[in-house]
Amino acid sequence: MPVANPDEAKNEIRHRVWDLLTEHRAAQPDVHGSIPNFVGAELAAQRLAELSVWKLARVVKAVPDKPQAPVRVLGLQQGKLLYVAVPKIAAEKPFYELDPAKLPVSPEEAAVPKKAALFARTVDTDEMPKIDLLVCGTVAVNRRGVRLGKGAGYADIEVALLQEAGLISEATTIVTTVHDLQVVEGDLPETSHDFSVDLIVTPTQVIECGPPRRPAGILWSELDPAKIAAIPALASRAAQRNVSGL
């Protein structure tokens, strides 16, 4: 039988996990096609907050997905400077800056991207400090830290932007919060633009992964023109590359 290409293999695993979560009622309905809003997300956030890597972090970058909302709330409640990607990275300046000392609303409200969009300053990587901890969303992940998102590629691009700007490195901890059913055994397909996670936090356990694997930055040859055009931060960088003759 022919071997499935990586994208087909990834999609098969995503659907398997979505089906499993649905079967066990372990996530909010209509989980297919999304980063699962899993049951126990608050417990996973609390477990993360008990770790020294969280306690020591002053600057946290988190995804805007619903299951990581409890992490964002805790970060703001605990005085951490929080950066959250604009959904679909659909802004010239692709990150919201949430300073807990300057919030006009509660941390619970500020952690909702639609609310943050009403007041938060948007920034590009040249306006950001180094990131101490990066929190990502995941559909499936194995114990080596290989993760699959929902397939849109936004998380990979966010990490590549931060990596290229020198705001994160292999020494920067990347963590994901997931349901235990999202942790799969065995290998998962990887491609050159994928990054790994260092820690998996579920409602019941913390799994240390490694070694870290990160792309050096944006892999332009793997991005199609439509994707570049749809993401303003990429489009502007591509234009600069053309002007510079890179």
Side-chain angles (χ1 to χ4, degrees), residues 4-45 61-72 84-91 94-96 111-117 134-142 145-161 174-197 200-203 215 222-234:
N5 69 41
D7 288 338
E8 290 175 350
K10 287 180 177 182
N11 274 328
E12 182 181 332
I13 294 162
R14 289 184 185 106
H15 282 278
R16 193 187 313 154
V17 170
W18 286 326
D19 289 345
L20 189 63
L21 290 169
T22 301
E23 177 188 346
H24 289 270
R25 298 183 179 179
Q28 296 298 315
D30 302 322
V31 70
H32 289 75
S34 70
I35 299 294
N37 190 11
F38 63 94
V39 173
E42 294 83 2
L43 290 174
K61 186 269 169 191
V63 290
D65 299 286
K66 286 184 179 179
Q68 281 69 48
V71 175
R72 299 193 296 273
V84 180
V86 174
K88 297 184 179 179
I89 330 179
F95 299 100
Y96 295 128
V112 178
K114 286 184 179 179
K115 296 289 182 68
L134 195 151
V135 182
C136 69
T138 296
V139 174
V141 63
N142 69 12
V146 182
R147 67 171 285 282
L148 303 182
K150 61 186 177 184
Y154 296 123
D156 294 327
I157 292 169
E158 291 166 26
V159 169
L161 289 170
I174 300 182
V175 60
T176 189
T177 54
V178 295
H179 193 278
D180 289 273
L181 291 174
Q182 294 174 254
V183 182
V184 302
E185 300 299 329
D187 292 334
L188 289 175
E190 291 182 271
T191 53
S192 55
H193 61 260
D194 292 328
F195 65 89
S196 67
V197 301
I200 303 166
V201 182
T202 81
E222 296 190 14
L223 291 170
D224 64 69
K227 174 71 85 173
I228 294 172
I231 298 176
L234 286 182

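Being a predicted model, the structure only gives us computed values, none of them experimental.
- Distance alone, capped at 3.5 Å, places no donor-acceptor pair between the W18 side chain and the P36 backbone.
- From I89, atom CD1 reaches atom CD1 of I231 across 4.5 Å, with rounding to the nearest 0.5 Å.
- Put simply, the side chain of V183 reaches to within 4.5 Å of the side chain of V178, judged on heavy atoms.
- Ring planes of H179 and F38: perpendicular class, angle over 60° (limits at 30 and 60°).
- Remark: side-chain polar atoms of T176 are paired, donor with acceptor, to backbone N or O of C136 under 3.5 angstrom.
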Does the pair V184 and V141 meet the rule for a side chain to side chain contact (heavy atoms under 4.5 Å, CB included), with working shown?
CA-CA 6 Å; V184 302; V141 63; over 6 Å; no

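- Inter-residue side-chain proximity for E158 and V63 is flagged as met; some heavy-atom pair is nearer than 4.5 Å.
- The shortest side-chain heavy-atom distance between S196 and V146 does not fall under the 4.5 Å cut-off.
- Atom NE2 of residue H32 and atom CG of residue L21 lie 9.0 Å apart, to the nearest 0.5 angstrom.
- Closest approach of I13 and P189 over heavy atoms only: CD1-CD, 3.6 Å.
- Taking 4.5 Å as the limit, every side-chain heavy atom of T177 sits out of range of all side-chain heavy atoms of P67.
- In this structure, the separation between CG on L181 and CZ on R16 is 13.0 Å, given to the nearest 0.5 Å.
- Smallest separation of non-hydrogen atoms from A230 and P232: O-CD, 3.5 Å.
- Here the shortest heavy-atom pairing between Q182 and T138 reads NE2-O, 2.8 Å.
- Enclosure of atom CG in D224 by more than 12 non-hydrogen atoms of other residues, nucleotides or ligands within 6.0 angstrom is indicated.
- Of all the heavy atoms in G151 and R14, the pair that sits closest is CA-NH2, 3.4 Å.
- Of all non-hydrogen atoms in P87 and Y96, the two that sit nearest each other are CD-CE1, 4.0 Å.
- The heavy-atom pair separating A233 from P94 by the smallest distance is CB-CG, 3.9 Å.
- Note that CZ of F195 is 6.5 Å distant from CG of L134, once rounded to the nearest 0.5 Å.
- Of the possible donor and acceptor atoms, one in the side chain of N5 sits under 3.5 Å from a partner among the backbone N and O of D7.
- If you check the side chains of D19 and T22, you find no donor sitting under 3.5 Å from an acceptor.
- Crowding of K227 atom NZ: a count of heavy atoms from other residues, nucleotides or ligands under 6.0 Å exceeding 12.
- A heavy-atom distance below 4.5 Å is not found between the side chains of R25 and V39.
- Without hydrogens or angle criteria, D194 side chain to T191 main chain gives a donor-acceptor distance under 3.5 Å.
- One finds the CD atom of E190 at 8.0 Å from the NZ atom of K10 (value rounded to the nearest 0.5 Å).
- For the atom pair CG (L234) and CD1 (I157), the distance works out to 5.0 Å, reported to the nearest 0.5 Å.
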